[in-house]
Amino acid sequence: MNNKTLGNIFKGDKVIWMIFFFLCMISIVEVYSASSSLSFKGGNYWSPIVKHAGILLVGTFMMVVVLNVKCKYFKLATPILLFISFFTLIWVLLAGAKTNDANRWISFLGIQFQPSEIAKGTLILAVAQILSAMQTPNGADRKAFKFILIVCGVIIAPIALENLSTAVLLFGVIILMMFIGRVPLQQLGKLLGTLALAATFALVMILVIGKSKPDETVQNKNTLTEQVMSDKEEETGFVASIFHRADTWKARINKFLNHEYIAPEDFDLDKDGQVGHANIAIASSNIVGKGPGNSNERDWLSQAFSDFIYAIIIEEMGIEGAALVALLYIFLLFRSGQIANRCENNFPAFLAMGIALLLVSQALFNMLVAVGLAPVTGQPLPLISKGGTSTIINCIYIGVILSISRSAKKKETVTQEVPQKALALV
C-alpha cells in the first residue's frame, strides 16, 4: 500500500488520528487486562478482547465513512436524527431493558444500544446549527436561547429520568457551547441562577423521597431490587414514578459527602467494593505502576473493564500512564479548538467544539470518579472502556471532527470572536 492510498484512507487532521490511535491501543491493552472476570465466566480467555477489538474495527470503519461526508450534509441529517432520538428515548422509558434499576437499553434488529448515546450527538448537532443560523455581528440572536432550551427539553428531560449524570454533563456542554456561540451573558446568567434553584429543589426531593438506612452504602449500579421499588411506587404514586431512582441517587450523595475516616481494617468491601478496590488499585501502583497485565484488583473490582478502567490504568501504568491518558483527551480538546479556529463558517466550528467538549467532559468525569473526587455515576471512559454501540458512536464523533478538519480553511480575517472564544476555552 503506497503513501497515496494511505493518504486517501487517513484523511483529516493527523493529530486527531494519532490521539485516536493511542486511545485505541491503550483500550485494547487495558480492556484485555481488566476482563479477567469475563474470561472466567465465559471460559474463553481471548473472547472479551477479540470482541472488543472487533468493535473498535467496526468503529474505525464507521469513522472513515463519516470523515468522507461533507460537513454540509450533517445539517440535512439533523431533523431525522432529532426524530429518531426522541422516539427511541420515549421507547426506552416505556419498554426499555432494565439494567441496574434503570431503563437504558433497547433492542432493534438484534442490536442492543443506548438511545442516549445517539441523542447526545444529535443535540450537539442541533445546537450547533441553531447557533450558526442565528449569529449576528453582535453575537447570537436572543431568540436562539429559547430555541436551544426547547430542543434541550425534548432530548435531555427523557435522559435525566434514567441517567441523571449523563443529562447533567450533556447540559453542561450545551451551556459551554452557548458561551462559545456568544449567547447574551444576561440570558446565561439567568439560566445558571434558575439551574441552581432547580438543583436545590431536586436535591431536596431526592433526600426526602429517597430511602436509605443509616449505614447504607452503595456500589456503582448497585440499587434496590425491583420488589422494593414496586412497594415504594405504591406508597408515593406519581412522584415515585418520576424519582424512582431517588434511593440510588440519595445513597451516592450521602456516601460522597460522608468524609468520616474509616480505618482500613474496618472498611466493608462487601458493601462498597468498587470504591474500595479502586482505591487499593491506585494505592498499590507505587507511582510507577505494576506493568500492563499485572493488575491484582481487576479480579475483584466490578466493572474494571468499563466504569473503573482508569483505576486499573493507574495500577498498571502508574501516575505517568494516567497522566498520559488525561493529556490525550486535553490534546483532543485543544486540537479541536484549533480546527474550529480555521473554519470559515460557524456551524462546523461549533460542531467540532461541541463534540470535543462532550467526549472530554465525560472522560474527565470518569477519571474523577475513579480517584474518588466525584460521586459514582457509571460514566465510561470514551474510546477506552469496553463497550458496544457506545464505542462505535464515539468513533463516529471522532469521524465528524476529522470531516470538519478536512474542509477547515485558514480565515482571511482573524477578527471574528467565535473561534477566539473556542481557543480561550481550551
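The analysis underlying the following values was restricted to heavy atoms, covering all of them including side chains, and did not include hydrogens, waters or symmetry mates.
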**Prompt:** Given side chains that start at C-beta, do those of Y397 and V66 come closer than 4.5 Å, heavy atoms only?
**Reply:** no

**Message:** Taking L402's backbone N and O only, do any of them form a donor-acceptor pair with S405's side chain (distance below 3.5 Å, no angle check)?
**Reply:** yes

**Request:** Answer yes or no: is there a donor N or O on one side and an acceptor on the other, between the side chain of Y310 and the main chain of V371, under 3.5 Å?
**Result:** no

**Item:** Nearest-0.5 Å distance, CD1 of residue I312 to CG of residue N296
**Value:** 9.5 Å

**Item:** Flag, side chain of R406 to backbone of L67, donor-acceptor distance under 3.5 Å
**Value:** yes

**Minimum side-chain heavy-atom gap I384-I313 below 4.5 Å** = yes

**Message:** Less than 3.5 Å apart, any donor N or O on the side chain of S295 or E315 sitting next to an acceptor on the other?
**Reply:** yes

**Audit row: H52, S27, side chain to side chain contact (heavy atoms under 4.5 Å, CB included) steps and yes/no** = CA-CA 9 Å; H52 181 63; S27 175; 2.6 Å; yes

**Asked** Do I339 and I404 have side-chain heavy atoms sitting under 4.5 Å apart?
**Response** yes

**Prompt:** Does a side-chain heavy-atom distance below 4.5 Å link V173 with L123?
**Reply:** no

**Asked** Hey, are the side chains of L328 and L332 touching, using non-hydrogen atoms and a 4.5 Å cut-off?
**Response** no

**Side-chain donor/acceptor of S132 to backbone N/O of Q129, under 3.5 Å** = yes

**Request:** Tell me, with the steps shown, if T389 and E117 meet side chain to side chain contact (heavy atoms under 4.5 Å, CB included).
**Result:** CA-CA 8 Å; T389 52; E117 293 297 328; 5.6 Å; no

**Message:** If I take atom CD1 from residue I156 and atom OG from residue S116, how far apart are they, to the nearest 0.5 angstrom?
**Reply:** 12.0 Å

**Message:** Checking the side chain of N345 only, and the main-chain atoms of F347 only, is there a donor and an acceptor separated by less than 3.5 Å?
**Reply:** no

**Asked** Would a distance-only check, ignoring hydrogens and angles, find a side-chain to backbone donor-acceptor pair under 3.5 Å from N341 to G337?
**Response** no

**Item:** Note, F331 side chain near M18 side chain (heavy atom, < 4.5 Å)
**Value:** no

**Gap separating the CE atom of M177 from the CD1 atom of I130, nearest 0.5 angstrom** = 9.5 Å

**Request:** Supply the atom-to-atom distance K14 NZ to R335 CZ, rounded to the nearest 0.5 angstrom.
**Result:** 10.5 Å

**Fill in**
One should read off an interatomic distance between L357 CG and I175 CD1, to the nearest 0.5 angstrom, of 12.0 Å

**Asked** So, for I174 and C152, which heavy atoms are closest and what is the spacing to 0.1 Å?
**Response** CG2-SG, 3.7 Å

**Item:** Nearest heavy-atom neighbours spanning M178 and F145
**Value:** SD-CD1, 3.9 Å

**Side-chain donor/acceptor of T60 to backbone N/O of L56, under 3.5 Å** = yes

**Backbone N/O of G181 and side chain of Q135: donor-acceptor pair under 3.5 Å** = yes

**Asked** From M134 CE over to T136 OG1, what is the distance, rounded to the nearest 0.5 angstrom?
**Response** 9.5 Å

**Message:** What I want to check is whether the side chains of S284 and N286 have a donor and an acceptor closer together than 3.5 Å.
**Reply:** no

**Message:** For L131, is there any backbone N or O sitting under 3.5 Å from a side-chain donor or acceptor partner on R182?
**Reply:** no

**Asked** Is the closest side-chain heavy-atom distance between Q114 and K120 below 4.5 Å?
**Response** no

**Asked** Any chance CZ of F171 has more than 12 other-residue heavy atoms, nucleotides or ligands included, within less than 6.0 Å?
**Response** yes

**Message:** Please determine whether the number of non-hydrogen atoms from other residues, nucleotides or ligands lying under 6.0 Å from atom NZ of K51 exceeds 12.
**Reply:** no

**Message:** Around atom CD1 of I287, are there more than 12 heavy atoms from other residues, nucleotides or ligands closer than 6.0 Å?
**Reply:** no

**Request:** Locate the shortest heavy-atom distance separating V183 from L188; write the atom from each residue and the value.
**Result:** O-CD1, 3.9 Å

**Asked** Where is the tightest heavy-atom contact between I282 and A370, given as atom of each residue plus distance?
**Response** CD1-O, 3.4 Å

**Item:** Expected output: side-chain T200 to main-chain A196 donor-acceptor under 3.5 Å
**Value:** yes

**Request:** For side chain to side chain contact (heavy atoms under 4.5 Å, CB included), just list the numbers for I398 and L383, CA-CA rounded to whole Å, side-chain angles, deciding distance to a tenth of an Å, and then say yes or no.
**Result:** CA-CA 10 Å; I398 297 294; L383 299 173; 4.0 Å; yes

**Request:** Taking all heavy atoms of C71 and all of P348, pick out the closest pair and write down the distance.
**Result:** SG-CB, 3.6 Å

**Prompt:** Mind checking whether I355 and S336 have side chains closer than 4.5 Å, heavy atoms only?
**Reply:** no

**Asked** Would you call the rings of W17 and F20 parallel, tilted or perpendicular if under 30° counts as parallel and over 60° as perpendicular?
**Response** perpendicular

**Item:** Exercise: identify the closest heavy-atom pair between N366 and L381
**Value:** ND2-N, 3.5 Å

**Item:** Evaluation steps, side chain to side chain contact (heavy atoms under 4.5 Å, CB included), between I180 and F350
**Value:** CA-CA 8 Å; I180 295 172; F350 293 141; 4.1 Å; yes

